[in-house]
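These notes are about the structure you will find just below.
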Amino acid sequence: MEQKSIYIIEQSIKLFAKKGFSSTSVQEIANACGISKGAFYLHFKSKDALLFDIFNYYYQRIQVRIGEIQQLDADDRTKFKKQLEVTFEELKNHREFIIMQVREQAIPFNENIEKYLTQMRVNSYLFYKRHLENIYKERVGHIVWEISLALQGMFKAYMDLIIIEGADLDLAALSDAMLRRADYIVEGFENHNDQPVITAEIIQQVLPLNVQDQEKNLLIEKLQELANEGDQDVRDTVNVVTEEINRERPRPAVLRGMLSNLENSSRFTEPVQKIKRLYQI
């Protein structure tokens, strides 16, 4: 995203937090940015389009930091804890904008925003599930969705205290505590031979997990499109990546090795980052 677009986003966030989305005009945004109304439309087609890019801007900021942590030489538990911490931190840093959304409840969710938020929601479910499987292995098995939802519920409750009530919490300690709570839940299931309420079958009925398949298909199309512009080595690498993504259980080591061949090309930056996010590489 261009630096000027980011500046407009940051200034508009301040206005939305102060006045609300509906009460803020494009002209006011332009004035705050020191540009003409026409210049605003060179960057964003409409105020709704700006709102979409604000959501994307926040989400990508978090994803970049999560991706950096994923590359650390650390165990799965440490990575998950640090990723929870930076998510808390990013949301806390944009408290005013989140409060505006809660307070106003009048943001015009067009189809693009609705689809984007749905994808973010699905990614969140999968994010927790993958990390729990990485940490607890076969111990979670059929209970992974129940624990995932329990942790997400905890996260939301803590975020309400931080965002709505203004609680000043130690985010590192909070993230560490969430993982200990997960330990207790796993141990509780094991010690009592309990059965989950939320099963994979229920999840398939209520969550649009097909969105992940749609994203995967679009990702493969993009990779193949870019591969056609490269040499034979690039095409061979993309073919291996595509075959691996289409496996029932993609192997992270294979994807990591193949993606390293594509990372030197700026054309592949976006799809490589998406693959890393999808498969927690």
Side-chain angles (χ1 to χ4, degrees), residues 52 55-56 58-60 62-63 66 70 76 80 83-84 87-88 91 98 101-102 105 107-160 163 178-179 181-222 242-252 255 274-281:
F52 177 88
F55 282 117
N56 186 52
Y58 279 147
Y59 186 64
Q60 292 306 321
I62 295 173
Q63 291 308 307
I66 283 176
Q70 194 62 34
D76 292 316
F80 189 29
Q83 288 171 342
L84 288 172
T87 304
F88 275 124
L91 294 173
I98 298 173
Q101 295 176 56
V102 175
Q105 294 183 350
I107 293 176
F109 289 130
N110 58 43
E111 185 177 352
N112 287 335
I113 292 178
E114 184 177 355
K115 286 182 178 179
Y116 191 78
L117 293 179
T118 297
Q119 181 65 66
M120 289 171 60
R121 183 162 53 89
V122 172
N123 288 345
S124 178
Y125 287 120
L126 296 173
F127 170 76
Y128 280 84
K129 177 178 180 288
R130 291 192 190 106
H131 273 296
L132 290 170
E133 289 174 334
N134 289 339
I135 294 170
Y136 298 103
K137 312 299 182 187
E138 68 279 353
R139 292 179 64 193
V140 287
H142 66 297
I143 62 174
V144 67
W145 283 113
E146 183 123 326
I147 302 173
S148 173
L149 291 174
L151 279 186
Q152 289 179 78
M154 289 183 205
F155 185 93
K156 184 181 183 302
Y158 290 135
M159 280 309 309
D160 284 348
I163 300 297
M178 282 186 63
L179 267 293
R181 307 297 182 265
D183 291 339
Y184 304 153
I185 297 173
V186 172
E187 291 167 5
F189 272 101
E190 291 176 334
N191 293 338
H192 298 282
N193 194 29
D194 200 358
Q195 297 302 310
V197 174
I198 308 302
T199 62
E201 291 73 22
I202 290 177
I203 289 294
Q204 289 173 4
Q205 294 172 20
V206 299
L207 294 184
L209 294 180
N210 61 307
V211 174
Q212 186 192 24
D213 291 332
Q214 295 171 12
E215 183 177 22
K216 182 184 75 173
N217 292 335
L218 291 173
L219 192 53
I220 290 174
E221 288 179 13
K222 183 63 175 179
T242 299
E243 290 174 2
E244 197 63 33
I245 289 175
N246 281 324
R247 287 170 59 96
E248 183 176 351
R249 294 192 177 187
R251 295 165 293 182
L255 286 175
K274 284 186 177 181
I275 292 171
K276 287 183 175 182
R277 172 175 55 78
L278 269 175
Y279 300 101
Q280 292 295 303
I281 298 173

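Note that the coordinates shown come from a computational prediction; the quantities given were computed from them, not determined experimentally.
At least one side-chain heavy atom of F80 sits less than 4.5 Å from a side-chain heavy atom of F127. With a 4.5 Å cut-off on side-chain heavy atoms, R181 and M154 count as touching. When side chains are defined from C-beta on, L84 does not count as touching L151, because their heavy atoms never get closer than 4.5 Å.
Here Q83 contributes atom CD and D76 contributes atom CG; the two are 9.5 Å apart, rounded to the nearest 0.5 Å. Note that CD of Q60 is 10.0 Å distant from CD1 of I62, once rounded to the nearest 0.5 Å. The distance from the CG atom of L149 to the OH atom of Y125 is 6.0 Å, given to the nearest 0.5 Å. Rounded to the nearest 0.5 Å, atoms CG (L126) and CZ (R121) are 11.5 Å apart. The CD1 atom of I275 sits 12.5 Å away from atom NZ of K222, with the distance rounded to the nearest 0.5 Å.
In terms of the side-chain contact (heavy atoms from CB on, under 4.5 Å) criterion, residue partners of M120 (sequence neighbours excluded) are, by chain and number, Y59, Y116, L117. Partners of N246 according to the side-chain contact (heavy atoms from CB on, under 4.5 Å) rule, which considers only residues two or more places apart in sequence or in another chain, are K216, I220, T242. Taking F88 as the reference, F155 meet the ring pair (Phe, Tyr, Trp, His ring centres under 6.0 Å) condition, with sequence neighbours excluded. Every residue meeting the side-chain contact (heavy atoms from CB on, under 4.5 Å) condition with Q195, not counting sequence neighbours, appears here in chain and number order: H142, N193. For R251, the side-chain contact (heavy atoms from CB on, under 4.5 Å) test picks out E244, R247, V254, with sequence neighbours left out.
Contacts classified as salt bridge (charged side-chain N to carboxylate O under 4.0 Å, His left out) and involving residues 150-160 (residues at least two apart or in different chains) are given here: K156-D160.
Between E146 and I198, the shortest heavy-atom distance links the atoms OE1-N, 2.6 Å. Pairing each heavy atom of I163 with each of L91, the nearest pair is CD1-O, 3.5 Å. Listed here is the closest heavy atom pair of Y136 and A182: OH-CB, 3.4 Å.
No donor-acceptor pair under 3.5 Å is formed between the side chain of E133 and the backbone N or O of V140. Using modelled atom types, no side-chain atom of N56 and backbone atom of F52 make a donor-acceptor pair closer than 3.5 Å.
A side-chain N or O of S148 and one of Q152 form a donor-acceptor pair less than 3.5 Å apart.
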